[in-house]
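As the structure is a prediction and not an experimental result, all values here were calculated from the model. Here is how names work: the chains are called A, B, and so on, in the same order as the sequence lines, proteins then strands, and each is numbered from 1.
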2 protein chains.
Amino acid sequence: MTRHNDLKPANDDDVFEVGSPLRTGRLDDILGFHLRMANVAIYQDYTAAMGDIGLTQKQFAVLELIAANPRVSQIDIANQLSMDRATMMALVNRLESRDLLERQPSPIDRRRQELLLTEAGAEVLKQARNIQQQHELRFTSRFSPEELEQFIEGLKRVYADIIPRNSQTD
Amino acid sequence: MTRHNDLKPANDDDVFEVGSPLRTGRLDDILGFHLRMANVAIYQDYTAAMGDIGLTQKQFAVLELIAANPRVSQIDIANQLSMDRATMMALVNRLESRDLLERQPSPIDRRRQELLLTEAGAEVLKQARNIQQQHELRFTSRFSPEELEQFIEGLKRVYADIIPRNSQTD
DNA sequence: TATTGTTATACTCTATAACTATA
DNA sequence: TATAGTTATAGAGTATAACAATA
């Protein structure tokens with residue numbers, strides 16, 4: 001229950017008591033640390049909420065991208081999400097084996113497989129959207145509309161120059 | 001290079017051109033999506049920057065927490081980072097096998113192992129901090145001090161009620 | 001030559017369950 | 001009974017490299 005580590009406070013601003021969190025030390029000054037913690041918090045709530053459906057955040061994003069861009073290729077989705085082709089392949093395989101999407105060879109470019117939601121996929125996506133909305137609200141409700149807009153703008157600033165991962169040399 | 005998918009724009013605000021990113025559709029309204037993209041952007045830059053040292057973000061955080069809380073136990077670190085005990089175990093094993101930290105049985109509570117940085121661990125942490133600082137700056141430089149403070153406050157709001165994962169029933 | 005899909009391998013992280021020794 | 005550490009297993013994501021078919 002309690003820690004035996006309640007000694008050696010680093011400074012007066014950072015004393016801790018039994019049962020309190022650890023000193024975060026230098027981590028507290030690191031943007032990436034807070035970003036990761038926020039991501040973990042959302043990931044955990046998302047996963048718990050989505051339990052029955054069993055769609056990961058990435059899988060959900062892929063289904064949404066296919067819904068918004070029918071007949072999109074794996075590589076375009078991968079680039080959009082800054083994922084590797086091979087990772088995308090594995091992810092699409094999983095969704096295909098659950099019959100949530102299908103691959104169709106492109107008539108224009110025969111290297112390509114076009115991705116389409118199945119009826120089951122569209123149905124699952126619909127259910128997932130509802131759950132996601134509830135989940136989302138548990139976090140967005142902590143912000144005023146103006147705050148939220150500004151916050152999301154900050155997030156976009158962080159990933160503004162994110163790199164497509166399947167471009168050049170291989 | 002180009003996509004063959006340049007048809008069926010969803011609406012006038014969302015037309016896309018050849019070579020442009022996909023339509024993100026509903027994803028654009030999802031806080032968790034932007035948070036994950038921001039996290040991916042930082043993760044990729046971090047990983048590239050930390051290449052030679054080979055410390056993951058989590059491993060770096062664990063070393064920092066040990067540095068700030070000498071003789072801390074695995075479970076306290078796990079709770080602080082909202083990680084599972086078993087995951088923490090594996091992570092500490094990796095760091096121990098690289099001689100970056102050592103486990104010492106607690107004289108007070110013999111169930112516990114106290115964690116301490118080795119000299120090599122302290123040295124690696126020092127190097128990692130320098131690299132991390134350069135990396136960090138590539139993102140924080142996009143914010144004014146006031147913007148950054150507000151942005152981080154938002155992140156903290158998101159993970160304010162994050163759950164310790166090793167508390168109750170198991 | 002470059003691109004898309006594909007397969008294979010290896011590592012990390014995550015989640016769960018169970019066991020042990022200690023409290 | 002509950003806790004800390006431990007072990008084992010399985011699924012998911014990530015990174016890299018290579019190959020075939022096609023552009």
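Remark: B:Gln74 is in phosphate contact with D:dT6, judged by side-chain N or O atoms under 4.0 Å from OP1 or OP2. A close approach under 4.0 Å does occur between a side-chain nitrogen or oxygen of B:Gln113 and OP1 or OP2 of D:dT6. Taking 4.0 angstrom as the limit, B:Arg103 places a side-chain polar atom (N or O) nearer than this to OP1 or OP2 of D:dT6.
The nearest whole Å value for the distance from the CD atom in A:Gln57 to the P atom in C:dT14 is 12 Å. We find that OH of A:Tyr46 is positioned 13 Å from P of C:dA15, with the value rounded to whole Å. A straight line from CG of A:Asn79 to P of C:dA2 spans 17 Å, rounded to a whole angstrom. Per the geometry, CG belonging to A:Asn93 stands 12 Å off P belonging to D:dG13, to the nearest Å. Separating the CD atom of B:Glu96 from the P atom of D:dG5 is a distance of 12 Å, rounded to the nearest angstrom. Protein atom CG of B:Leu81 is 11 Å distant from nucleotide atom P of C:dC13, rounded to whole Å. C:dT6 atom P lies 13 Å from atom CZ of A:Arg112, rounded to whole Å. Rounded to a whole Å, the NZ atom of A:Lys58 is 14 Å from the C1' atom of C:dT14.
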Sub-3.5 Å pairs of nitrogen or oxygen atoms, protein against nucleotides 20-23 of chain D:
{"residue": "D:dA23", "atom": "OP1", "partner": "A:Arg110", "partner atom": "N", "Å": "3.1"}

Could you run down the sub-3.5 Å N/O contacts of the protein with nucleotides 10-12 of chain D?
none

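Following chains of ILVMFWY side-chain contacts shorter than 4.5 Å, one cannot reach A:Val158 starting from A:Ile162, and the two form parts of different hydrophobic clusters.
Checking D:dT16, D:dA4, C:dT14 against the side-chain heavy atoms of A:Ala86 singles out D:dT16 as nearest. If you check C:dT6, C:dA15, D:dG13 against the side chain of A:Arg85, the one that comes closest is C:dT6. The nucleotide whose nearest atom lies closest to any side-chain atom of A:Ile75 is, among D:dT14, D:dG5, C:dG5, C:dG5.
B:Glu149 meets the side-chain contact (heavy atoms from CB on, under 4.5 Å) test with no other residue; sequence neighbours excluded. Under the side-chain contact (heavy atoms from CB on, under 4.5 Å) criterion, A:Glu102 pairs with A:Gln104, A:Leu116, A:Thr118, not counting sequence neighbours. Residues passing the side-chain contact (heavy atoms from CB on, under 4.5 Å) test with B:Ala160, sequence neighbours excluded: none.
With hydrogens and angles ignored, the 3.5 Å screen pairs no side-chain donor or acceptor of B:Glu64 with any backbone N or O of A:Leu27. Under a 3.5 Å cut-off, the side chain of A:Ser97 and the backbone N or O of A:Arg94 do form a donor-acceptor pair.
Residue A:Gln150 places its CD atom among 12 or fewer non-hydrogen atoms of other residues, nucleotides or ligands, all under 6.0 Å distant.
Between A:Met89 and B:Asp84, the residue anchored closer to the 5' end of DNA chain C is A:Met89, taking for each the nucleotide with the nearest heavy atom.
Proximity of A:Phe33 to B:Leu81: side-chain heavy atoms (C-beta onward) are separated by under 4.5 Å at one or more points.
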Side-chain polar contacts of residues 50-63 of chain A - donor-acceptor pairs under 3.5 angstrom, sequence neighbours left out - could you list them?
{"residue": "A:Thr56", "atom": "OG1", "partner": "A:Gln59", "partner atom": "N", "Å": "3.1"}
{"residue": "A:Gln59", "atom": "OE1", "partner": "A:Thr56", "partner atom": "N", "Å": "3.0"}

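The pair A:Asp161-B:Arg142 counts as a salt bridge, with a side-chain nitrogen and a carboxylate oxygen less than 4.0 angstrom apart.
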